[in-house]
Engineer: 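Pasting in a structure now, in structure tokens, and then I'll have a few things to ask.
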Amino acid sequence: MKKLFALLLAFTLLFLTACNNKPADSTTGTGTGTGNPQNPVTPNELELKDTIICKYTRDFIDLPSRVIYEGSGGLVHYYSKADGKAYVYCFDPLCEHDDGYCLAAAWKSVETLGFNFGYTFFINNRFYGHTGFGQIISFSFDGTDKKIEYDAEYDNDAISGNPWGHCIAIGPYIYIDLRSYASEDGKAHTLRFNVETGEMEDLTEKTGNYMYPSFFYNGMIYGYDHGSGYLKADLDLNSYEEIERIPYSNHFSGSRFLNMIRDQDGIYKTHFYDMKTGTTEMHEIPGLTIDGSRVLLYADENYLYFYKYEEFLLGEVWFRGELKPTYKYNDGSIYRVNHDGTGLVCIYEESEFNITGREAIIIGDQFLVEGKNVRVRDNQTETWDSGLLVGTIGADGKIDELKPVEVVE
């Protein structure tokens, strides 16, 4: 009877999990909204006008219903936009995430099929990415149906590093930089993989042209060679020309790259480049001191969000029998400024807070960033509330409190 009850319970949990975690991203968005347009990419993007298509993300994969990130213990989690809670990215209620096949524990995977945040794309309701060792991998939204879509079968023992480097995607195509030390002719090549046909093309071999791919705009691909040349080409690399350097950044909206810079006089300015008009716009930020560096966390059509990157002494801790100084690398404050450089304001301030992520993401009025609270007490380092943190942006634009996202086990 106990065995029967356990079996019935397992099936009930499986059914409930399938219902509660039903893949909600059956239609892929275009990634053309505000903020940091990231995944997913769709064939419609080939037709989008005056819109930068790119993917510069290291901490998050942003999907219509959820945000994927690496959580505690190295397990991949997702933040649900519906309920504001986080879940392990595994849809098997009986999985212990350590059998070598669990998608959430990709770093343990014997199949090497998992999330590589910089090189994973969501195309036609399926994840695609590359391992760096010459394989295109894919899996369904719930982590099942894992496949090796393409294997170049490089002799990795004879190559000093990963044969494939940077990649970007548009429509059904993934463009890949083949590094020079892995090619037969000793030169870098531009590869293109079609996820719909399974065909891998060496565009450099076909056209004689090479480009390190950076982003797409109005049906053209932009990038540079490994020298100093900046390049523009059609998607087949047939039409190929040198251009003036484009000051692109990791943050963009519509046709504009959004950034902040410090000029030669040490003055901080907002900085925007519009692909549509080919013009640059800069505005000084009054009240922003020149000491230390500033890291842009997030940008949208109205604001830039950033923090101060600088070494701050926490205190002295015992290390190998000696008292040694220990530091954190921001002052615990997050700032916001208008595009025109006005309205500089501190939207969050907590002296013991330390940002550990490289970017933030805003969903409605929810501000998400990776961080922790840290202090030194009795010559020992204490940390708490570590991981993905979330706070509500109030009517005054300020964050009330950053606290850990609730994780549902």
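Excluded from the calculations below are hydrogen atoms, water molecules and symmetry mates; all remaining heavy atoms, backbone and side chain alike, are included. Fair warning: this is a prediction, and the values are worked out from it, not measured in the lab.
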Engineer: If only side-chain N and O atoms count, and only distance matters, is there a donor-acceptor pair under 3.5 Å linking Glu350 with Asn373?
Structural biologist: no
Engineer: Are side-chain N/O atoms of Asn302 and Asn338 paired as donor and acceptor at under 3.5 Å?
Structural biologist: no
Engineer: Mind checking the OG-CG spacing from Ser140 to Asp145? Nearest 0.5 Å is all I need.
Structural biologist: 5.5 Å
Engineer: What distance do Glu205 atom CD and Ser183 atom OG have between them, rounded to the nearest 0.5 Å?
Structural biologist: 10.5 Å
Engineer: In chain order, what residues pass the ring-ring contact (aromatic ring centres under 6.0 Å, His included) check against Phe319, with sequence neighbours excluded?
Structural biologist: none
Engineer: Please tell me if the side chains of Ile176 and Ile136 come closer than 4.5 Å, counting only heavy atoms from C-beta onward.
Structural biologist: yes
Engineer: Checking Phe216 against Cys54 for the side chain to side chain contact (heavy atoms under 4.5 Å, CB included) test, could you report, in this order, the C-alpha distance in whole Å, the side-chain angles of both residues, the deciding distance, and whether it holds?
Structural biologist: CA-CA 6 Å; Phe216 305 96; Cys54 195; over 6 Å; no
Engineer: Are any of the side-chain heavy atoms of Phe122 and Ile61 separated by less than 4.5 Å?
Structural biologist: no
Engineer: Flag the pair Lys269 / Asp263 as yes when at least one side-chain heavy-atom distance between them is below 4.5 Å, and no otherwise.
Structural biologist: yes
Engineer: May I ask you to check whether Tyr128 and Phe121 place their ring centres under 6.0 Å from each other?
Structural biologist: no
Engineer: Tell me, do Leu231 and Glu242 make a side-chain contact under 4.5 Å, heavy atoms counted?
Structural biologist: yes
Engineer: Can you confirm whether Glu349 is buried at CD, in the sense that more than 12 heavy atoms of other residues, nucleotides or ligands lie under 6.0 Å from that atom?
Structural biologist: no
Engineer: Can you name the closest pair of heavy atoms from Tyr217 and Thr51 and give their distance?
Structural biologist: CE1-N, 3.5 Å
Engineer: Is atom OH of Tyr212 surrounded by more than 12 heavy atoms (other residues, nucleotides or ligands) closer than 6.0 Å?
Structural biologist: yes
Engineer: Give the minimum heavy-atom separation between Val88 and His77, together with the two atoms involved.
Structural biologist: CG2-NE2, 3.6 Å
Engineer: If you compare all heavy atoms of Pro64 against all heavy atoms of Lys81, which two are closest, and at what distance to 0.1 Å?
Structural biologist: O-CD, 3.4 Å
Engineer: Please work out whether the ring planes of Tyr327 and Tyr329 are parallel, tilted or perpendicular, with thresholds of 30° and 60°.
Structural biologist: tilted
Engineer: Under the criterion salt bridge (Lys or Arg N to Asp or Glu O under 4.0 Å), I'd like the reasoning laid out for Lys308 against Glu310: C-alpha separation, chi angles, the key distance, then a yes or no.
Structural biologist: CA-CA 6 Å; Lys308 183 177 182 179; Glu310 190 177 343; 3.3 Å; yes
Engineer: Which pair of non-hydrogen atoms, one from Pro213 and one from Ile221, has the smallest distance, and what is that distance?
Structural biologist: CB-CD1, 3.8 Å
Engineer: Once you measure the plane-to-plane angle for Tyr222 and Phe215, does it fall in the parallel (<30°), tilted (30-60°) or perpendicular (>60°) bin?
Structural biologist: parallel
Engineer: Please examine the side chains of Met275 and Asp50, heavy atoms only from C-beta on, and report whether any two atoms are closer than 4.5 Å.
Structural biologist: no
Engineer: Can you confirm whether the side chains of Asp83 and Tyr79 place a donor and an acceptor under 3.5 Å from each other?
Structural biologist: no
Engineer: Could you tell me the separation between the CD1 atom of Ile355 and the NZ atom of Lys328, rounded to the nearest 0.5 Å?
Structural biologist: 8.5 Å
Engineer: Do Asp202 and His189 have side-chain N/O donor and acceptor atoms under 3.5 Å apart?
Structural biologist: yes
Engineer: Which label fits Phe115 and Tyr89: parallel for a plane angle under 30°, tilted from 30 to 60°, or perpendicular past 60°?
Structural biologist: perpendicular
Engineer: Going by distance alone, is a donor N or O of one side chain under 3.5 Å from an acceptor N or O of the other, for Asn354 and Asn330?
Structural biologist: yes
Engineer: Got a sec, which pairs hit ring pair (Phe, Tyr, Trp, His ring centres under 6.0 Å) with one end in residues 331-350, sequence neighbours left out?
Structural biologist: Phe272-His339, Phe306-Tyr335, Tyr348-Phe353
Engineer: With a 4.5 Å limit on heavy-atom distance, are the side chains of Phe367 and Ile334 in contact?
Structural biologist: yes
Engineer: State, yes or no, whether a side-chain contact exists between Val67 and Ile361 at a heavy-atom distance under 4.5 Å.
Structural biologist: yes
Engineer: Nearest 0.5 Å please: distance from the CD atom of Glu70 over to the CG atom of Leu388.
Structural biologist: 12.0 Å
Engineer: Before you tell me yes or no, could you show the steps for Arg256 and Leu258 under side chain to side chain contact (heavy atoms under 4.5 Å, CB included), namely the whole-Å CA-CA distance, both residues' side-chain angles and the distance that decides it to 0.1 Å?
Structural biologist: CA-CA 6 Å; Arg256 297 203 307 163; Leu258 315 175; 4.0 Å; yes
Engineer: Considering only residues two or more places apart or on different chains, which pairs with a residue in residues 173-193 satisfy salt bridge (Lys or Arg N to Asp or Glu O under 4.0 Å)?
Structural biologist: Arg192-Glu201, Arg192-Asp236
Engineer: How long is the gap from CG on Leu203 to CG on Asp234, to the nearest 0.5 Å?
Structural biologist: 9.0 Å
Engineer: Who are the side chain to side chain donor-acceptor pair (under 3.5 Å) partners of Asn209, not counting sequence neighbours?
Structural biologist: none
Engineer: Please report the closest heavy-atom contact between Ile53 and Ala169, naming both atoms and the distance.
Structural biologist: CG2-O, 4.1 Å
Engineer: I need the Lys85 NZ to Tyr87 OH distance, nearest 0.5 Å.
Structural biologist: 5.5 Å
Engineer: To check you understand the geometry: which heavy-atom pair defines the closest contact between Pro163 and Leu178, and what is its length?
Structural biologist: O-CD1, 3.5 Å
Engineer: Taking the six-membered ring of Tyr309 as reference, does the NZ or CZ atom of Arg294 fall below 6.0 Å from its centre and within a 45° cone about the axis?
Structural biologist: no
Engineer: Assess the side chains of Ser138 and Glu149: does a donor N or O sit below 3.5 Å from an acceptor N or O?
Structural biologist: yes
Engineer: Under a plain distance cut-off of 3.5 Å, with no hydrogens placed, do Asp151 and Gln135 share a side-chain donor-acceptor pair?
Structural biologist: yes
Engineer: With side chains defined as the heavy atoms from C-beta onward, is the minimum distance between Tyr175 and Leu235 less than 4.5 Å?
Structural biologist: yes
Engineer: The criterion is salt bridge (Lys or Arg N to Asp or Glu O under 4.0 Å); which residues satisfy it with Asp274, sequence neighbours excluded?
Structural biologist: none
Engineer: Table please: side-chain donor-acceptor pairs of residues 392-405 below 3.5 Å, with sequence neighbours left out.
Structural biologist:
residue: Thr392; atom: OG1; partner: Gln366; partner atom: NE2; Å: 3.0
residue: Asp396; atom: OD1; partner: Lys398; partner atom: N; Å: 3.0
residue: Asp400; atom: OD1; partner: Thr392; partner atom: N; Å: 3.3

Engineer: Could you check whether Trp164 and Tyr119, counting side-chain N and O atoms only, form a donor-acceptor pair closer than 3.5 Å?
Structural biologist: no
